[in-house]
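Below: the structure, in C-alpha coordinates.
In this text, all values refer to a predicted model and were calculated from it rather than measured experimentally. No hydrogens, no waters, no symmetry mates; every other heavy atom, side chains included, goes into these values.
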Amino acid sequence: MFVNFVASRRNMKEDMPYFRDIINIVEREGHKFTRKWIEEVYAMVIDGRYEEEVRNADWKRLNKNQINGLGRADVVIVEATANSFSTGYHACLAIQSQKPTLILTRGRRLGGTFRTSLSSDFVRNVEYDTQAELDTAVVSFLEDNDISTKDLRFNFYIDHKIHTYLRWASYKTGKPQSEIVRELLRREIDDSNSNVGSKHSK
(Lines give C-alpha, C1' and ligand atoms only; values in the text may rest on other atoms or scores of the structure.)
Protein backbone atom coordinates (compact mmCIF):
# COMPACT_ATOMS: atom_id res chain seq x y z
CA MET A 1 0.00 0.00 0.00
CA PHE A 2 1.27 3.49 -0.85
CA VAL A 3 1.24 6.21 1.79
CA ASN A 4 1.53 9.97 1.32
CA PHE A 5 2.99 11.73 4.37
CA VAL A 6 2.20 15.40 4.98
CA ALA A 7 3.76 17.50 7.75
CA SER A 8 4.82 21.04 8.56
CA ARG A 9 8.44 22.20 8.60
CA ARG A 10 7.63 24.89 11.18
CA ASN A 11 8.80 23.06 14.34
CA MET A 12 10.83 20.42 12.58
CA LYS A 13 13.65 20.13 15.11
CA GLU A 14 11.14 19.32 17.84
CA ASP A 15 8.86 17.22 15.66
CA MET A 16 11.46 15.18 13.77
CA PRO A 17 11.58 12.23 16.22
CA TYR A 18 7.83 11.77 15.72
CA PHE A 19 8.12 12.18 11.95
CA ARG A 20 10.77 9.45 11.91
CA ASP A 21 8.57 7.25 14.07
CA ILE A 22 5.75 7.54 11.52
CA ILE A 23 8.14 6.68 8.69
CA ASN A 24 9.53 3.68 10.57
CA ILE A 25 6.06 2.40 11.46
CA VAL A 26 4.81 2.62 7.88
CA GLU A 27 7.87 0.80 6.51
CA ARG A 28 7.84 -1.74 9.34
CA GLU A 29 4.26 -2.62 8.41
CA GLY A 30 5.37 -3.31 4.84
CA HIS A 31 4.05 -0.18 3.10
CA LYS A 32 5.79 2.38 0.88
CA PHE A 33 5.78 6.16 0.57
CA THR A 34 4.86 7.99 -2.62
CA ARG A 35 7.44 10.66 -1.73
CA LYS A 36 10.45 10.70 0.59
CA TRP A 37 11.25 14.27 1.53
CA ILE A 38 11.61 14.44 5.32
CA GLU A 39 15.35 13.81 5.72
CA GLU A 40 16.30 16.14 2.86
CA VAL A 41 14.29 19.02 4.31
CA TYR A 42 15.51 18.28 7.85
CA ALA A 43 19.12 18.54 6.65
CA MET A 44 18.31 22.00 5.25
CA VAL A 45 16.86 23.05 8.60
CA ILE A 46 19.83 21.75 10.60
CA ASP A 47 22.34 23.39 8.23
CA GLY A 48 20.50 26.72 8.35
CA ARG A 49 19.78 26.58 4.62
CA TYR A 50 16.02 26.17 4.76
CA GLU A 51 14.96 29.82 4.37
CA GLU A 52 17.27 30.33 1.41
CA GLU A 53 16.11 27.09 -0.22
CA VAL A 54 12.49 28.20 0.19
CA ARG A 55 13.17 31.55 -1.49
CA ASN A 56 14.91 29.91 -4.44
CA ALA A 57 12.68 26.85 -4.79
CA ASP A 58 10.75 26.01 -7.95
CA TRP A 59 7.39 25.91 -6.20
CA LYS A 60 5.41 24.96 -9.30
CA ARG A 61 7.53 21.83 -9.66
CA LEU A 62 7.43 21.07 -5.93
CA ASN A 63 3.67 21.50 -5.75
CA LYS A 64 3.23 19.28 -8.81
CA ASN A 65 5.34 16.58 -7.14
CA GLN A 66 3.27 16.89 -3.98
CA ILE A 67 -0.02 16.61 -5.87
CA ASN A 68 1.28 13.64 -7.88
CA GLY A 69 2.36 11.94 -4.66
CA LEU A 70 -1.09 12.45 -3.23
CA GLY A 71 -2.69 11.07 -6.37
CA ARG A 72 -0.62 7.87 -6.24
CA ALA A 73 -1.35 7.29 -2.55
CA ASP A 74 -3.82 4.76 -1.20
CA VAL A 75 -3.91 6.55 2.17
CA VAL A 76 -2.65 9.85 3.59
CA ILE A 77 -1.08 10.56 6.98
CA VAL A 78 -1.01 14.18 8.13
CA GLU A 79 1.02 15.25 11.17
CA ALA A 80 -0.76 18.51 11.99
CA THR A 81 0.66 19.48 15.38
CA ALA A 82 2.23 22.64 13.91
CA ASN A 83 -0.39 24.87 12.28
CA SER A 84 0.39 25.20 8.58
CA PHE A 85 -1.54 26.42 5.54
CA SER A 86 0.25 23.88 3.34
CA THR A 87 -0.58 20.99 5.66
CA GLY A 88 -4.23 21.98 5.81
CA TYR A 89 -4.37 22.42 2.04
CA HIS A 90 -3.01 18.95 1.34
CA ALA A 91 -5.25 17.41 3.99
CA CYS A 92 -8.22 19.04 2.26
CA LEU A 93 -7.11 17.71 -1.13
CA ALA A 94 -6.78 14.22 0.33
CA ILE A 95 -10.29 14.33 1.77
CA GLN A 96 -11.78 15.71 -1.46
CA SER A 97 -10.03 12.91 -3.33
CA GLN A 98 -11.69 10.44 -0.94
CA LYS A 99 -8.37 9.16 0.35
CA PRO A 100 -8.50 7.64 3.83
CA THR A 101 -6.75 10.35 5.85
CA LEU A 102 -5.25 10.15 9.34
CA ILE A 103 -4.78 13.58 10.97
CA LEU A 104 -2.46 13.45 13.98
CA THR A 105 -2.06 16.11 16.67
CA ARG A 106 0.38 15.95 19.57
CA GLY A 107 0.03 17.68 22.91
CA ARG A 108 -3.08 19.78 22.24
CA ARG A 109 -6.77 19.07 22.23
CA LEU A 110 -9.04 19.40 19.22
CA GLY A 111 -11.99 20.99 21.03
CA GLY A 112 -13.15 24.21 19.39
CA THR A 113 -11.16 23.64 16.19
CA PHE A 114 -12.38 23.33 12.61
CA ARG A 115 -11.24 19.71 12.44
CA THR A 116 -13.86 18.67 14.97
CA SER A 117 -16.55 19.56 12.42
CA LEU A 118 -15.23 17.17 9.77
CA SER A 119 -17.69 14.33 9.34
CA SER A 120 -16.23 12.57 6.29
CA ASP A 121 -15.93 8.79 6.48
CA PHE A 122 -12.44 9.23 5.05
CA VAL A 123 -11.07 11.24 8.00
CA ARG A 124 -9.71 9.97 11.29
CA ASN A 125 -8.58 12.53 13.90
CA VAL A 126 -6.22 11.23 16.59
CA GLU A 127 -4.62 13.11 19.48
CA TYR A 128 -1.46 11.56 20.93
CA ASP A 129 1.03 12.43 23.64
CA THR A 130 3.53 9.57 23.53
CA GLN A 131 5.35 7.62 20.86
CA ALA A 132 3.50 4.48 21.99
CA GLU A 133 0.17 6.21 21.34
CA LEU A 134 1.47 7.35 17.96
CA ASP A 135 2.47 3.78 17.08
CA THR A 136 -0.97 2.47 18.01
CA ALA A 137 -2.77 5.16 16.00
CA VAL A 138 -0.73 4.67 12.82
CA VAL A 139 -0.80 0.86 12.91
CA SER A 140 -4.55 0.82 13.51
CA PHE A 141 -5.14 3.23 10.64
CA LEU A 142 -2.98 1.22 8.24
CA GLU A 143 -4.63 -2.07 9.18
CA ASP A 144 -8.14 -0.64 8.81
CA ASN A 145 -7.37 0.73 5.34
CA ASP A 146 -5.15 -2.02 3.94
CA ILE A 147 -6.40 -2.37 0.36
CA SER A 148 -5.33 -6.01 0.17
CA THR A 149 -8.09 -6.94 2.63
CA LYS A 150 -11.12 -5.15 1.15
CA ASP A 151 -12.91 -4.03 -1.97
CA LEU A 152 -11.58 -0.86 -3.58
CA ARG A 153 -13.38 2.30 -4.59
CA PHE A 154 -12.69 3.39 -8.18
CA ASN A 155 -13.99 6.57 -9.82
CA PHE A 156 -13.95 7.16 -13.58
CA TYR A 157 -15.59 9.39 -16.17
CA ILE A 158 -18.17 8.12 -18.67
CA ASP A 159 -19.63 9.70 -21.79
CA HIS A 160 -23.31 10.35 -22.47
CA LYS A 161 -23.79 7.12 -24.45
CA ILE A 162 -22.50 4.94 -21.59
CA HIS A 163 -24.54 6.91 -19.05
CA THR A 164 -27.71 6.41 -21.10
CA TYR A 165 -27.07 2.66 -21.37
CA LEU A 166 -26.38 2.27 -17.65
CA ARG A 167 -29.51 4.21 -16.74
CA TRP A 168 -31.59 2.00 -19.10
CA ALA A 169 -29.99 -1.24 -17.86
CA SER A 170 -30.50 -0.21 -14.25
CA TYR A 171 -34.18 0.50 -14.93
CA LYS A 172 -34.69 -2.84 -16.74
CA THR A 173 -32.85 -5.01 -14.20
CA GLY A 174 -33.47 -3.10 -10.98
CA LYS A 175 -29.75 -3.27 -10.26
CA PRO A 176 -27.56 -0.30 -9.29
CA GLN A 177 -25.47 1.07 -12.14
CA SER A 178 -22.28 0.21 -10.25
CA GLU A 179 -23.33 -3.44 -10.07
CA ILE A 180 -24.01 -3.51 -13.82
CA VAL A 181 -20.50 -2.16 -14.49
CA ARG A 182 -19.00 -4.80 -12.17
CA GLU A 183 -20.89 -7.59 -13.95
CA LEU A 184 -19.70 -6.37 -17.35
CA LEU A 185 -16.11 -6.25 -16.14
CA ARG A 186 -16.34 -9.73 -14.59
CA ARG A 187 -17.75 -11.06 -17.87
CA GLU A 188 -14.89 -9.45 -19.79
CA ILE A 189 -12.35 -10.94 -17.37
CA ASP A 190 -13.94 -14.41 -17.67
CA ASP A 191 -13.95 -14.16 -21.49
CA SER A 192 -10.32 -13.07 -21.52
CA ASN A 193 -9.32 -15.96 -19.25
CA SER A 194 -11.26 -18.40 -21.47
CA ASN A 195 -9.50 -17.13 -24.57
CA VAL A 196 -6.11 -17.49 -22.88
CA GLY A 197 -7.00 -21.06 -21.88
CA SER A 198 -8.13 -21.91 -25.43
CA LYS A 199 -4.83 -20.66 -26.90
CA HIS A 200 -2.81 -22.75 -24.45
CA SER A 201 -4.85 -25.89 -25.19
CA LYS A 202 -4.21 -25.71 -28.94
Side-chain angles (χ1 to χ4, degrees), residues 1-46 50 62-63 65-155:
M1 186 164 67
F2 285 97
V3 179
N4 190 56
F5 180 45
V6 179
S8 173
R9 289 80 163 167
R10 181 168 297 174
N11 298 323
M12 205 165 192
K13 290 183 180 179
E14 178 183 344
D15 293 337
M16 194 61 184
Y18 299 95
F19 293 172
R20 284 176 171 153
D21 278 347
I22 293 170
I23 292 169
N24 291 335
I25 295 165
V26 169
E27 293 180 341
R28 184 190 73 203
E29 295 298 310
H31 306 295
K32 297 180 179 179
F33 289 96
T34 57
R35 295 173 57 244
K36 285 194 172 184
W37 58 271
I38 288 289
E39 294 295 341
E40 181 181 356
V41 173
Y42 184 61
M44 296 178 192
V45 172
I46 293 301
Y50 181 71
L62 289 175
N63 190 51
N65 290 341
Q66 291 171 343
I67 299 302
N68 288 341
L70 176 64
R72 294 195 308 272
D74 299 302
V75 299
V76 178
I77 297 177
V78 181
E79 214 299 338
T81 299
N83 293 326
S84 163
F85 175 84
S86 176
T87 300
Y89 173 68
H90 286 98
C92 181
L93 287 180
I95 296 166
Q96 285 188 327
S97 301
Q98 298 185 338
K99 306 278 186 178
T101 303
L102 173 64
I103 303 179
L104 298 161
T105 305
R106 185 182 75 259
R108 59 188 178 90
R109 304 279 75 87
L110 291 178
T113 65
F114 173 75
R115 281 167 50 193
T116 59
S117 69
L118 296 175
S119 58
S120 171
D121 293 335
F122 297 97
V123 180
R124 181 180 301 186
N125 283 300
V126 175
E127 305 163 11
Y128 72 96
D129 292 306
T130 66
Q131 289 172 313
E133 292 173 346
L134 176 62
D135 189 298
T136 298
V138 174
V139 170
S140 174
F141 172 74
L142 294 172
E143 289 178 348
D144 290 346
N145 291 284
D146 191 340
I147 61 174
S148 66
T149 64
K150 59 186 66 180
D151 293 337
L152 303 180
R153 179 185 296 271
F154 179 69
N155 297 325

Taken to the nearest 0.5 Å, the spacing of L62 CG from W37 CH2 works out to 11.5 Å
Without swapping roles, check the side chain of R10 against the backbone of A82 for a donor-acceptor pair under 3.5 Å.
no
Output for pair (L142 CG, I77 CD1), nearest 0.5 Å, gives 5.0 Å
Tested for salt bridge (charged side-chain N to carboxylate O under 4.0 Å, His left out) against E27, the lone hit among R20, K36, K32 is K36
Requested in this report: Check for a donor-acceptor pair, side chain of T87 on one end and backbone N or O of N83 on the other, with a separation under 3.5 Å.
Outcome: no
Hits for ring pair (Phe, Tyr, Trp, His ring centres under 6.0 Å) against F5, two or more places apart or cross-chain, chain-then-number order -> F19
| message | Determine whether T101 and V6 satisfy the following criterion, side chain to side chain contact (heavy atoms under 4.5 Å, CB included), listing intermediate values before the conclusion. | response | CA-CA 10 Å; T101 303; V6 179; over 6 Å; no
Open item on the list: Do K13 and V45 make a side-chain contact, defined as non-hydrogen atoms from C-beta onward lying under 4.5 Å apart?
Closed with: yes
D74 meets the side chain to side chain contact (heavy atoms under 4.5 Å, CB included) criterion, sequence neighbours left out, with M1, F2, I147
The reported gap from CZ in R35 to CG in N68 (rounded to nearest 0.5 angstrom) is 9.5 Å
Nearest heavy-atom contact between A73 and V3 is CB-C, 4.3 Å
key: Main-chain N/O of T136 paired to S140 side chain as donor or acceptor, under 3.5 Å   = no
Closest non-hydrogen contact found for H90 with L70 is O-CD2, 4.4 Å
Rounded to the nearest 0.5 Å, the CD1 atom of I22 sits from the CD atom of Q131 at a distance of 10.5 Å
field: Six-ring centre of Y18, R106 cation under 6.0 angstrom, axis tolerance 45°
entry: yes
### Query
Any donor-acceptor pair under 3.5 Å linking the side chain of K99 with the backbone of A91?
no
#### Entry: Check: R28 and D135 side chains under 4.5 Å, non-hydrogen atoms
yes
Here the gap from L102 atom CG to E79 atom CD, rounded to the nearest 0.5 Å, amounts to 9.5 Å
d(T81 OG1, D15 CG) to nearest 0.5 Å is 6.0 Å
Residues A94 and V76: closest non-hydrogen pair is CB-CG2, 3.7 Å
